[in-house]
A.B. asks: 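First the structure, which I've put down as structure tokens, then a few questions once you've had a look.
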Amino acid sequence: MLTTLLDSLSPAAVTDSDRTHLAEYNARVAMRIEKARTEQARAARASWMVRPDLGPIALDGDAHDATVVFLKANPNYNDSATAATHYQPHPDWPLSIANPDIAAETRDYYHGRVFGQLLKEGVTLRQIARRMLKVELFPWASHNWPTGERELLAHLAEAPSRRPICQLVDELIKRDTIFLIGKAEQEWFKAVPALRPLLDVRVFVTRAPISPSIGRGVYPGAWDQLLEGLTP
């Protein structure tokens, strides 16, 4: 079951399944931009546009061995991102964003802002790479998630890739896995109902959704389990 799900979430498979849906979503966002009355509103709405040219990232890491699953809304990108730099898998680094040789801006973001406190606690990048899995609820990159936009969120929920992503999380719940929800908590709870009963037991929601950090102050109830899970 797990292998079949992983096959359906490969970049090639997700690209094939979501292609039409992406065009429809961006068309909806474009209509929102046209109706905006101010330049500020237009810019805010434009940040919801997705970048199909960058390719999808449904998951990053080894789903077979992961003890910690980091649940996100969708990938972000910087202005210099290309398809080549957006996702750089490496056979020796299952979680590609832990690889010290990835694109500099991506490395600085994850190793400094996201993993910084873990590294200060003595967790190594190798341990993070082998034990953490990052899963995106929607695998296509945008500058911002359309928080509070019910119609757009409903359309994102209909993406063909959503079903196997949620099925994968359901499979991982069956194991003694720790889940960190970094963003879109209500969307995650709606998409995977089995997460909610585990809240504050094996499922922990960030206290700072604006911050990407995985730290003690952000996930206080998870911290000891998290360190144990990453350093078995």
A.B. asks: Check whether Asn26 reaches the backbone of Val50 with its side chain - one donor and one acceptor, N or O, closer than 3.5 Å.
C.D. replies: yes
A.B. asks: Pairs of donor and acceptor atoms involving the side chains of residues 162-170, under 3.5 Å and at least two apart or interchain, shall be tabulated with distances.
C.D. replies:
| from | atom 1 | to | atom 2 | distance (Å) |
| --- | --- | --- | --- | --- |
| Arg162 | NE | Leu137 | O | 3.2 |

A.B. asks: Strictly distance-based, threshold 3.5 Å: is any side-chain N or O of Glu151 a donor or acceptor partner for the main-chain N or O of Arg28?
C.D. replies: no
A.B. asks: Got a second to check how far Gln117's CD is from Leu227's CG, nearest 0.5 Å?
C.D. replies: 10.5 Å
A.B. asks: Carefully, step by step, assess Tyr77 and His86 under the rule ring-ring contact (aromatic ring centres under 6.0 Å, His included).
C.D. replies: CA-CA 7 Å; Tyr77 66 93; His86 185 58; 7.3 Å; no
A.B. asks: Test of understanding: clusters of I, L, V, M, F, W, Y form through side-chain heavy atoms closer than 4.5 Å, transitively. Do Val218 and Leu71 belong to the same one?
C.D. replies: no
A.B. asks: Using every non-hydrogen atom in the two residues, find where Ala63 and Leu2 come nearest and quote the distance to one decimal.
C.D. replies: O-CD2, 4.2 Å
A.B. asks: Could you pull out the closest heavy-atom pair between His143 and Asn76, with the gap in Å?
C.D. replies: O-ND2, 3.2 Å
A.B. asks: As a test of understanding, state which of Ile214, Ile178, Leu118 forms a side chain to side chain contact (heavy atoms under 4.5 Å, CB included) with Leu230.
C.D. replies: Leu118
A.B. asks: What residue among Thr15, Asp18, Asp16 forms side-chain hydrogen bond (donor to acceptor under 3.5 Å, both in side chains) with Ser161?
C.D. replies: Asp18
A.B. asks: Tell me whether Ser8 contacts the main-chain N or O of Leu5 through its side chain, where contact means a donor paired with an acceptor under 3.5 Å.
C.D. replies: yes
A.B. asks: Please round to the nearest 0.5 Å and tell me the distance separating atom CZ of Arg51 and atom OG of Ser142.
C.D. replies: 11.0 Å
A.B. asks: Within the supplied structure, the quantity of interest is the number of heavy atoms (other residues, nucleotides, ligands) at a distance under 6.0 Å from Glu24 CD; does it exceed 12?
C.D. replies: yes
A.B. asks: So, His21 side chain and His155 main chain: donor-acceptor pair closer than 3.5 Å or not?
C.D. replies: yes
A.B. asks: Kindly determine whether Asn74 and Trp145 satisfy side chain to side chain donor-acceptor pair (under 3.5 Å), including the steps that lead there.
C.D. replies: CA-CA 7 Å; Asn74 72 315; Trp145 182 249; over 6 Å; no
A.B. asks: Using modelled atom types and a 3.5 Å cut-off, is there a donor and acceptor pairing between side-chain atoms of Thr67 and backbone atoms of Gly229?
C.D. replies: yes
A.B. asks: Any idea which heavy atoms bring Phe138 and Ala159 closest together, and the distance?
C.D. replies: CE1-CB, 3.9 Å
A.B. asks: Verify the neighbour count for atom CZ of Arg175: are there more than 12 heavy atoms of other residues, nucleotides or ligands below 6.0 Å?
C.D. replies: yes
A.B. asks: Is Glu149 salt-bridged to Arg45, cutoff N-O under 4.0 Å?
C.D. replies: no
A.B. asks: Any idea which heavy atoms bring Leu152 and Pro146 closest together, and the distance?
C.D. replies: CD1-CB, 4.1 Å
A.B. asks: With a 6.0 Å cut-off (strictly less than), is the heavy-atom count around CE of Met31, excluding the residue itself, greater than 12?
C.D. replies: no
A.B. asks: Got a salt bridge between Glu39 and Arg42, using NZ or NE/NH1/NH2 to carboxylate O under 4.0 Å?
C.D. replies: yes
A.B. asks: Rounded to the nearest 0.5 Å, how far does CZ of Phe179 lie from CG of Leu133?
C.D. replies: 9.0 Å
A.B. asks: Identify whether Val123 and Leu226 are in the same connected component of the hydrophobic contact network (ILVMFWY, side-chain heavy atoms under 4.5 Å).
C.D. replies: yes
A.B. asks: With a 4.5 Å cut-off on side-chain heavy-atom distances among I, L, V, M, F, W and Y, is there a chain of contacts connecting Phe189 to Ile173?
C.D. replies: yes
A.B. asks: Could you check whether any side-chain N or O of Arg196 sits under 3.5 Å from a backbone N or O of Lys190, counting only pairs where one atom can act as donor and the other as acceptor?
C.D. replies: no
A.B. asks: Under the salt bridge (charged side-chain N to carboxylate O under 4.0 Å, His left out) criterion, do Arg107 and Glu105 qualify, and how do the steps go?
C.D. replies: CA-CA 5 Å; Arg107 181 190 64 233; Glu105 291 188 12; over 6 Å; no
A.B. asks: Could you walk me through whether Glu171 and Lys174 pass the salt bridge (charged side-chain N to carboxylate O under 4.0 Å, His left out) check?
C.D. replies: CA-CA 6 Å; Glu171 285 296 308; Lys174 298 174 184 178; 2.9 Å; yes
A.B. asks: Mind listing the closest non-hydrogen atom pair of Pro197 and Pro193 along with its distance?
C.D. replies: CD-O, 3.2 Å
A.B. asks: Is Arg126 positioned over the aromatic face of Trp93, cation under 6.0 angstrom from the ring centre and no more than 45 degrees off axis?
C.D. replies: yes
A.B. asks: Are Trp188 and Ile57 grouped together when hydrophobic residues (ILVMFWY) are joined by side-chain heavy atoms under 4.5 angstrom apart?
C.D. replies: no
A.B. asks: What heavy-atom pair brings Ile128 and Ala98 nearest, and what distance separates the two atoms?
C.D. replies: CG2-CB, 4.4 Å
A.B. asks: What distance separates Tyr219 OH from Phe204 CZ, expressed to the nearest 0.5 Å?
C.D. replies: 11.0 Å
A.B. asks: Among Leu59, Val135, Val203, which one satisfies side chain to side chain contact (heavy atoms under 4.5 Å, CB included) with Val69?
C.D. replies: Val135
A.B. asks: With rounding to the nearest 0.5 Å, note down the distance linking CG in Asp101 to CD in Gln88.
C.D. replies: 9.5 Å
A.B. asks: Do the side chains of Val205 and Trp223 join up, straight or via other hydrophobic residues, at under 4.5 Å, putting them in one cluster?
C.D. replies: no
